Structures are given as C-alpha cells and as structure tokens.
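First up is the structure itself, then whatever we jot down about it.
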Amino acid sequence: MLQCPIFMPEQILSVHDLQKTYGKLEAVRGISFSLEPGEIVGLLGPNGSGKTTTINMILGLLEPSGGEVTIFGKNFREHREEILRRMNFAAVYAHLPGHLPVGRNLYIFALLYGVAHPDKKIAELLEEFDLVPFAGTRAGFLSSGEQTRLALAKAFLNEPALLLLDEPTASLDPSTSKMIRGKIKEYAQERQAAVLWTSHDMHEVEEACGRVLFISHGKILLEGDPRALPAKYGKKNLEELFIAVAREPLNVVEAL
C-alpha cells in the first residue's frame, strides 16, 4: 500500500487568468481555477481545447503568455525548484527513456526528486504497480499498458502533494484502470494531496472526480459535480454533456 503521510492543509494550486498564445492562436484564454487539499478535479474537453497546454504551463514546461500559477501558496516562477519537488505528473504521451531498464529509470528519477531511501521506495512501487517481473526490462520493450503503469510509478516516487494526470489510464484494461483509480482516490484522501485529471472516459471521471471543469476553445465554460452537472444542463449523463460541449459549447452555456 502507498505510504500516505499528511500535508498541512493549504490551497494546493491556484491558477489565475492563465493565457497562452501562439501568434494569433489563443490556445488558453484567461482561465482561473483552484484545487484544495484532497480534491480530485477533472479537466475535460475535446482534443485541442487547451487541457494539455494548461497542464504543461502548471508544470513549467510552457511559459504562460499571461496570468499566474501559484502552488503551495508560492509563485511558480520564484520557487520553481522547491515546488517541483512536491509535485509530479503522468501522461500517456510522456514515456520514460526506452533504453533504460524499468528499475534504472525509477532510480534516476528518484535521485532527481531527492527521494530518501530510493531502493526501498522503488521496491514498494514495483510491487504496487505490478512491475516486479519487469524491473530489469528496458522500458522501450514494455507494452503500452506496462509503460503506463511505469509512468504512474514514477509519478508517485516523491509522494507528491500535487499530482497532474493527463489521460493516465488510456492504455490500461478495465480491471487495471479500476485498480489505479482506487489507488489514486485513496492516496488523495489519506495524504490530502490534490489531483488534476484529464480523461475522455466519462465513467472514469464520474467515479474518480469530485468536481469537473469543462474547457472549450481555451476557456472554462462549466464547473461542478460530475454527477449533478448533466441534469443542470438538461443532459442524461456526463458523456452526453461532454458531446454537447464539444459540438456546440455556446449553446450549452446559453441553455440556462
């Protein structure tokens, strides 16, 4: 079981008027939201809506064109190194170096994050994510599902207080996906960590997330409980609402 020491309560993430432009293209158009301790929040929207761009700005991989990201009450630009040690991410597109064995990959990242007793921690995560048989296997030879589990193991190495997940279960079978969702929910609750989660699987979002943000054309259009929000907009479930937002975002917002 993942070890879950508890952080002092504080607002984990605050995004204010975040913007990203590429020439005349406005990829993210002044979005604002926050994550509290223990929250799992879904960031939903069609491809090209600005979800991954937003996550990459929070991670510091992209420089915002405007706005501010505050993590653990501190400005990201001024406290970048300190903040990065307390956060982590996993994404379906972010594979670990394929020429390195699984165990070696995790060891290098453990050193980068300053993990105490890295061998012990890696052994726990290999067991937790069913990767023990692959410890000596080069990451590039893993199946897509095994690579996903490796990326998730990496994401828990430093026991992050902020976890960013971009389609984290996209390559997993339903049984493994359910197990991973359970681990993440348990981790967030027991450690009071915040999780920002993107997914196109609306069943997964309803099961894992306590709140969702619908983003379209770089702006947040809707926000609320994923189990209550569809009825508010005259839809029978979250998937139907997602489709409506993707096809006709303005009509959905103007429905009320």
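Keep in mind that what you see is a predicted model, and the values were worked out from it rather than measured.
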Would a distance-only check, ignoring hydrogens and angles, find a side-chain to backbone donor-acceptor pair under 3.5 Å from [X] to [Y]?
{"X": "T53", "Y": "A27", "value": "no"}
{"X": "N105", "Y": "P97", "value": "yes"}
{"X": "N88", "Y": "K154", "value": "yes"}
{"X": "T169", "Y": "L172", "value": "no"}
{"X": "Q192", "Y": "Q189", "value": "yes"}
{"X": "R149", "Y": "F129", "value": "yes"}
{"X": "K51", "Y": "G45", "value": "yes"}
{"X": "N56", "Y": "L61", "value": "no"}
{"X": "E167", "Y": "H200", "value": "yes"}
{"X": "D17", "Y": "E68", "value": "no"}

(message) One pair to check against side chain to side chain contact (heavy atoms under 4.5 Å, CB included): V245 and I215. What are the steps and the verdict?
(response) CA-CA 8 Å; V245 171; I215 184 170; over 6 Å; no
Hey, what do you get for [atom1] ([X]) to [atom2] ([Y]), rounding to the nearest 0.5 Å?
{"X": "L35", "Y": "Q11", "atom1": "CG", "atom2": "CD", "answer": "8.5 Å"}
{"X": "F89", "Y": "I55", "atom1": "CZ", "atom2": "CD1", "answer": "9.5 Å"}
{"X": "E26", "Y": "K20", "atom1": "CD", "atom2": "NZ", "answer": "13.0 Å"}
{"X": "E127", "Y": "I122", "atom1": "CD", "atom2": "CD1", "answer": "14.5 Å"}
{"X": "F156", "Y": "L125", "atom1": "CZ", "atom2": "CG", "answer": "8.5 Å"}
{"X": "W197", "Y": "D166", "atom1": "CH2", "atom2": "CG", "answer": "12.0 Å"}

Shortest non-hydrogen contact from [X] toward [Y]:
{"X": "P168", "Y": "L152", "value": "O-CD1, 3.9 Å"}
{"X": "I220", "Y": "S32", "value": "CD1-O, 3.9 Å"}
{"X": "I71", "Y": "M87", "value": "CD1-SD, 3.9 Å"}
{"X": "P118", "Y": "V115", "value": "CD-O, 3.5 Å"}
{"X": "G50", "Y": "V28", "value": "O-CG2, 3.9 Å"}
{"X": "S49", "Y": "S216", "value": "CB-CA, 4.1 Å"}

(request) Kindly indicate, with the supporting measurements, whether the criterion salt bridge (charged side-chain N to carboxylate O under 4.0 Å, His left out) is fulfilled by E124 and K120. (result) CA-CA 6 Å; E124 292 173 356; K120 181 175 182 292; 2.8 Å; yes
(message) Please say yes or no: joined through hydrophobic side-chain contacts below 4.5 Å, possibly via intermediate residues, are L106 and F141 part of one cluster?
(response) no
(message) Would you say I243 ends up clustered with L221 if hydrophobic residues are merged whenever their side chains have heavy atoms under 4.5 Å apart, either directly or through other cluster members?
(response)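 Unlinked, L221 and I243 end up in two clusters.
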(message) Check K121 with E159, please: is the shortest side-chain N to carboxylate O separation under 4.0 Å?
(response)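 So E159 pairs with K121 through a salt bridge.
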(message) Salt bridge check, R211 against E223: does any charged N sit closer than 4.0 Å to a carboxylate O?
(response)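 A salt bridge is present here (some side-chain N lies under 4.0 Å from a carboxylate O).
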(message) I'd like to know if the side chain of S171 pairs up with that of Q147 as donor and acceptor (distance under 3.5 Å, no hydrogens or angles considered).
(response) no
Residue pair [X] / [Y], side-chain heavy-atom distance below 4.5 Å:
{"X": "V205", "Y": "F242", "value": "no"}
{"X": "L84", "Y": "Y113", "value": "no"}
{"X": "F33", "Y": "T54", "value": "yes"}
{"X": "P64", "Y": "R77", "value": "yes"}
{"X": "L241", "Y": "F214", "value": "yes"}
{"X": "D130", "Y": "T176", "value": "no"}

(request) For side chain to side chain contact (heavy atoms under 4.5 Å, CB included), just list the numbers for M57 and L18, CA-CA rounded to whole Å, side-chain angles, deciding distance to a tenth of an Å, and then say yes or no. (result) CA-CA 9 Å; M57 286 191 285; L18 197 63; 3.6 Å; yes
(message) Just checking E239: does its CD atom have more than 12 heavy atoms from other residues, nucleotides or ligands closer to it than 6.0 angstrom?
(response)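 Count not over threshold, so no.
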(request) Give a yes or no on whether R227 atom CZ has more than 12 heavy-atom contacts from other residues, nucleotides or ligands under 6.0 Å away. (result)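 Check passes, neighbour count above 12.
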(message) Do K183 and Y187 form a cation-pi contact, if we require the NZ or CZ to be under 6.0 Å from the six-membered ring centre and within 45 degrees of the ring's axis?
(response)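 Geometry flag: not set, cation outside 6.0 Å or 45°.
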(message) Checking I83 against K74 for the side chain to side chain contact (heavy atoms under 4.5 Å, CB included) test, could you report, in this order, the C-alpha distance in whole Å, the side-chain angles of both residues, the deciding distance, and whether it holds?
(response) CA-CA 8 Å; I83 288 170; K74 299 180 179 181; 4.2 Å; yes
(message) So if I apply the salt bridge (charged side-chain N to carboxylate O under 4.0 Å, His left out) rule between R181 and each of E186, E206, E204, which one comes out positive?
(response)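 Exactly one candidate clears the test, E204.
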(request) Before giving the answer on side chain to side chain contact (heavy atoms under 4.5 Å, CB included), spell out for V102 and L126 the whole-Å C-alpha distance, their side-chain angles and the decisive distance to 0.1 Å. (result) CA-CA 9 Å; V102 166; L126 289 174; 3.8 Å; yes
